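Contents: one structure, followed by commentary.
What you see is a predicted model; the values in this text were computed from it and never measured. In each ligand, atom 1 is the first atom listed, and ligand 1 is the first ligand listed.
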Amino acid sequence: MKALAEKLKIYQDTYYKEGKSLVSDQEYDRLTDRLIALEKEFPDYAAPDSPTHRVGSDLTNDFPEVTHSIPVLSLDKAYDRESVLDFFSRSIDKEGGALSFAAEEKIDGISMVLYYEDGLLVRAVTRGNGSVGNDVTPNIMTITSIPLSLPESLDIAVRGEVYLPKKEFEKVNATLPEDERAANPRNLAAGTVRRQKSQDAARIPLDMYCYEGFWLDKDQTPKDHLHILKKLSDLGFRINPDFAFFASSRKEAEEKMKDAGLPGRAYGFSELQSYLDEMTEKRPQLDHEIDGLVFKINELDVREKFGYTEHHPRWAIAYKFESPQAESILEAITVQVGRTGRITPVAEISPVALGGSTIRRATLHNQEYINSLELAIGDKVSITKRGDVIPAVEEVVEKNEVGNTTYSIPLKCPCCNSPLVHKGVHLFCPNYDCPDQAKGRLSFFASRDQMDIESLGPKTVELLWNNGILSRVEDIYTADYSKALEMKIPGIGEKTVEALKRSVEESKDRSYRTVLASLGIPDVGKKTAQILSEGGFDSLEKLIVAAAAGRLEPFLGIKGLGEETAKTIIEAFSDPNLLKTVHALSSLGLHVSEDMDRKDEANLPQTFSGEVWCVTGSFENFNPRQKALAEIEKRGGRTVSSVTGKTTHLLAGKGGGSKRADAEKLGVRIITEDEFLSLLGWNKSEKSGDNPVQLELF
Ligand code: IVH
C-alpha cells in the first residue's frame with residue numbers, strides 16, 4: 001500500500017505541477033483502483049494523506065458541525081477609494097509610527113479553514129457563522145493544489161478561498177444538466193464543496209488561494225504577513241501571485257519584500273490611486289472572479305494591538321469595486337414551484353432603485369446559494385445587476401438585529417404541501433399533480449417556443465385550470481372550451497374561445513421534435529430532441545421501449561448526448577404520469593414520430609396544386625407570414641415573392657401595398673385571410689362543429 005501510494009503521489013505531483021503524465025491513464029486508474037480496494041480491505045493501514053483522497057469516494061458525506069479553533073472573522077468594507085486612504089492614515093495615526101500594508105485580491109469564492117496537525121491535513125471547515133462551520137474534508141481533499149501533508153510536522157490553521165476559475169466554470173457548467181447549472185462560479189464552488197460524494201466533487205476542478213496562517217505554537221509564527229505568506233508558499237500552499245505591498249516609499253516596500261523573499265509589486269503610499277486603477281482594469285482579464293481588494297496591516301504586533309470587533313479585525317479592510325449597487329433589506333424569501341417541481345427561493349426586498357429600474361425581487365437559486373451568502377430575513381443586503389440585467393443579492397452588509405439565522409427553505413411544497421425531495425443542489429416537489437407544476441407544464445407546452453398555442457398563455461391556463469376545464473396537458477385537446485362561456489369566467493370571452501379552438505387544432509400539426517421538446521422533460525429541449533431523433537429515437541414509442549429496458553448504452557452511443565441527460569430521459573419515460581400523457585397525445589393524433597411528420601405532409605389533399613401564390617400584408621392567424629406560405633406549399637402550391645403574369649392568387653392581409661395594385665392590374669385573384677382559412681379547411685364555422693376530421697378526433 002505504501003509503495004502504491006508513493007508511486008501515485010509522484011504521478012499526481014508531476015501531472016499537477018508539470019502537466020506531464022508519467023504513465024498511461026489506464027495504468028494510473030489501475031493503480032488507483034488497486035489502492036482504493038486495499039484501503040477498503042485494510043482501513044487501518046490507509047495513510048491519512050493517501051493520494052486516493054484526490055479521486056474522492058462514493059461514501060455519503062454528512063458534513064458534521066465543528067467548532068473552529070481560530071475565530072473566523074469577516075472583513076470591514078470600504079466602498080470608495082477615500083475610505084481606503086482613510087484606513088491607511090487612521091492606522092498609521094493610531095500606531096504613531098511606520099506601518100506597511102499587504103494588498104491582495106479579494107477572491108469571490110468560499111471561505112475555508114484548513115487544519116493541520118503534525119503536518120497532516122485533518123480537517124477542512126467552512127466559515128459557517130465564524131465559530132462553528134461544517135467539516136467538508138473529503139471534498140476539499142480532492143483539490144490537487146492543497147497539500148494533504150506538509151514537509152514539516154506543524155500544527156497550523158490556514159485560511160483561504162476555494163474557488164472555480166472562470167474558464168473551468170464555463171466548461172463544466174455547460175456539461176451539467178440544466179437543473180444543476182449554477183448562476184456563477186461561486187455558486188458552483190459552494191455546491192461542490194457540499195457535494196454528498198467526494199467522487200463528484202473531484203470532477204469539478206476547484207482550486208484554492210491561501211491568505212492567512214495561524215500557528216498553534218506562537219513562537220513558530222513568522223514575523224509578519226509577508227513572512228507568513230512566504231512560509232505558506234514554502235510549505236506547498238498556493239499563494240496568489242498577484243500580490244502588492246505598500247510602505248511609506250516604494251523602496252522600503254521593495255526591501256521588505258526582498259527580505260521575506262516574496263515576489264509581488266511594491267508601492268509607496270502615494271501610489272495607491274494608480275494601484276487601484278491598475279487593478280480595476282485588470283479585473284475582467286483575471287482567470288478568477290474577484291469582488292474587491294483586501295488591505296491588511298503587515299506587522300503582527302500591531303494587528304494584535306488593534307484587535308477585533310465581533311465581526312472583523314480592525315487591522316484590515318476590503319475595498320469593494322464600484323459597480324452600480326444598492327443596499328436594501330431582505331423582507332422575505334418566497335418559494336416558487338416550477339413545472340418540473342423544482343423549488344426556487346426568491347428574495348423579496350424593499351424596493352430600491354438601481355441602474356434605471358426598481359428592484360423588488362431577485363432569484364436566490366437554491367439553498368446552497370443562500371448558505372454561501374449566509375442570508376437571513378431582515379439582513380441588510382447589497383444588490384447588483386449581473387451582466388447589467390439580472391438582479392442579484394451579492395452579500396450581507398449588515399446582519400439583522402432580531403437574531404434571525406441563515407434561512408432554510410421549508411421542506412414542504414408551498415403549493416401542495418408535499419414533503420420536498422433533494423436532487424443534486426435543488427429541492428423538488430415530487431407531487432406530479434401539484435397545481436403549480438400542472439399549470440407550469442400546461443403553460444410550457446402551449447408556449448410560443450413549444451407547441452405555440454397562441455391563445456393559451458399562462459393567464460388563460462390559470463383561469464381554465466382553476467375552473468376545472470384543463471388539468472393535464474392532454475386535456476388541451478379534449479377540453480370543452482365552450483364551457484368557459486357557460487361558466488362566464490371573467491377574462492374568457494367568445495373571441496378567446498374561438499381563438500383557443502382554432503390554435504389548439506392548428507397545433508396538432510407540430511412536428512415530432514416539437515412535441516418531444518414540449519413535454520417538458522428536464523434537459524430535453526429542441527436541440528436534444530433533434531439529437532435524439534437523428535440518433536435513431538425518431539418516435540416516442542422507441543424512447544419508451546428503451547427507457548423500459550433501463551439501459552444507458554443505446555443513449556450513450558448517440559453523439560452529443562451526455563450521461564446525465566440519458567439518465568434523465570430514462571427516468572422521465574419510465575414515469576407513469578408522462579406515459580399517460582404520451583399515450584393520450586398519441587391517440588389524439590399528435591405527431592409522436594418522424595413518420596407521422598412525413599405522412600402528414602404527404603397526406604394533405606393537394607388542393608393548391610398547379611397554383612402560384614404570392615402573399616402580402618400581415619395576418620391574424622399567420623404570424624410570421626411564412627406560416628401562410630408553408631400551408632400553401634404543403635398543399636402543392638408554389639409561392640413567389642412578386643405578382644407577375646404567372647401568379648394565380650394573391651393572399652392579401654392587412655396593409656398590403658403595391659402588390660395588391662399589381663394583382664388588380666393583372667387580374668390575379670385576391671384572397672382575404674378569411675377566404676384563405678376556409679380554403680385550408682380551417683374555417684371558423686367548420687371548427688366549431690362540422691369538420692369531419694375534428695368529429696373523428698373528439
Ligand atoms: S482576509 C481575518 N484575504 O472575504 C481576516 N479574506 O468579506 C480574514 N476573502 O471571509 C480575511 N479574499 O472569505 C482575506 N485575500 C483575502 C481574501 C479574503 C477573499 C474573503 C474571505 C472573507 C471575506 C470577507
Q: Compute the centroid of each ring, for F245 and then for Y267, and state whether the two points are separated by less than 6.0 Å.
A: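 No: the rings miss the under 6.0 Å criterion.
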
Q) Given the side-chain rings of F295 and F87, with only the six-membered ring counted for Trp, is the space between their centroids under 6.0 Å? A)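 Between F87 and F295, which both carry aromatic rings, the centre distance is not below 6.0 Å.
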
Q. Does A316 reach ligand 1, in the sense of a heavy atom lying below 4.0 Å from it?
A.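 No, A316 has no heavy atom closer than 4.0 Å to ligand 1.
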
Q. Under a heavy-atom criterion of less than 4.0 Å, does S74 contact ligand 1?
A.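 Judged by the 4.0 Å heavy-atom criterion, S74 does count as contacting ligand 1.
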
Out of all atoms in ligand 1, which are within 4.0 Å of some heavy atom of [X]? Include the element for each.
{"X": "K77", "answer": "7 (O)"}
{"X": "R127", "answer": "10 (O), 22 (C)"}
{"X": "S111", "answer": "10 (O), 13 (O), 21 (C)"}

Q. Is D277 salt-bridged to R81, going by a charged N under 4.0 Å from an acidic O?
A.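 Salt bridge flag = yes for R81 with D277.
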
(Q) Within the structure provided, determine whether K106 and L293 are in side-chain contact (heavy-atom separation under 4.5 Å). (A)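 Side-chain contact under 4.5 Å: no.
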
Q. V122 versus Y116: any side-chain heavy-atom pair under 4.5 Å?
A.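 Heavy-atom side-chain distance check fails, nothing below 4.5 Å.
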
(Q) Below 4.0 Å, non-hydrogen atoms only: which portion of K106 touches ligand 1? Side chain, backbone, both or neither. (A)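 Both the backbone and the side chain of K106 come within reach of ligand 1.
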
Q: Answer side chain, backbone, both or neither: which part of R159 comes under 4.0 Å from ligand 1, heavy atoms only.
A: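 It is the side chain that gets close, since no backbone atom is under 4.0 Å.
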
Q. Could an N or O of ligand 1 be found under 3.5 Å from any N or O of V294, whether backbone or side chain?
A.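 By distance alone, the answer is no.
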
Q. When only distance counts, is E105 in polar contact with ligand 1, meaning an N/O pair under 3.5 Å?
A.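 Yes: some nitrogen or oxygen of E105 is under 3.5 Å from one in ligand 1.
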
Distance from [atom] to nearest protein heavy atom, with residue and atom:
{"atom": "atom 2 (C) of ligand 1", "result": "P313 CG, 3.6 Å"}
{"atom": "atom 20 (C) of ligand 1", "result": "E161 OE1, 3.5 Å"}
{"atom": "atom 15 (N) of ligand 1", "result": "E104 OE1, 2.9 Å"}

Tell me the closest heavy-atom pair linking [X] and [Y], and the distance in Å.
{"X": "K223", "Y": "D259", "result": "NZ-OD2, 3.4 Å"}
{"X": "L226", "Y": "K256", "result": "CD1-O, 3.6 Å"}
{"X": "D76", "Y": "A316", "result": "CB-O, 4.2 Å"}

Q | Under 3.5 Å side-chain donor-acceptor pair for E39 and T52 | A |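 Yes, side-chain donor-acceptor contact under 3.5 Å.
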
Out of [options], whose heavy atom is nearest to [atom]?
{"atom": "atom 3 (N) of ligand 1", "options": "E395, E212, R303, K296", "answer": "K296"}
{"atom": "atom 14 (C) of ligand 1", "options": "Y211, Y308, Y209", "answer": "Y211"}
{"atom": "atom 19 (C) of ligand 1", "options": "D76, V72, T126, I107", "answer": "I107"}

Q | F269 atom CZ, over 12 foreign heavy atoms within 6.0 Å | A |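 Yes, CZ of F269 has more than 12 neighbouring heavy atoms, counting only those of other groups under 6.0 Å.
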
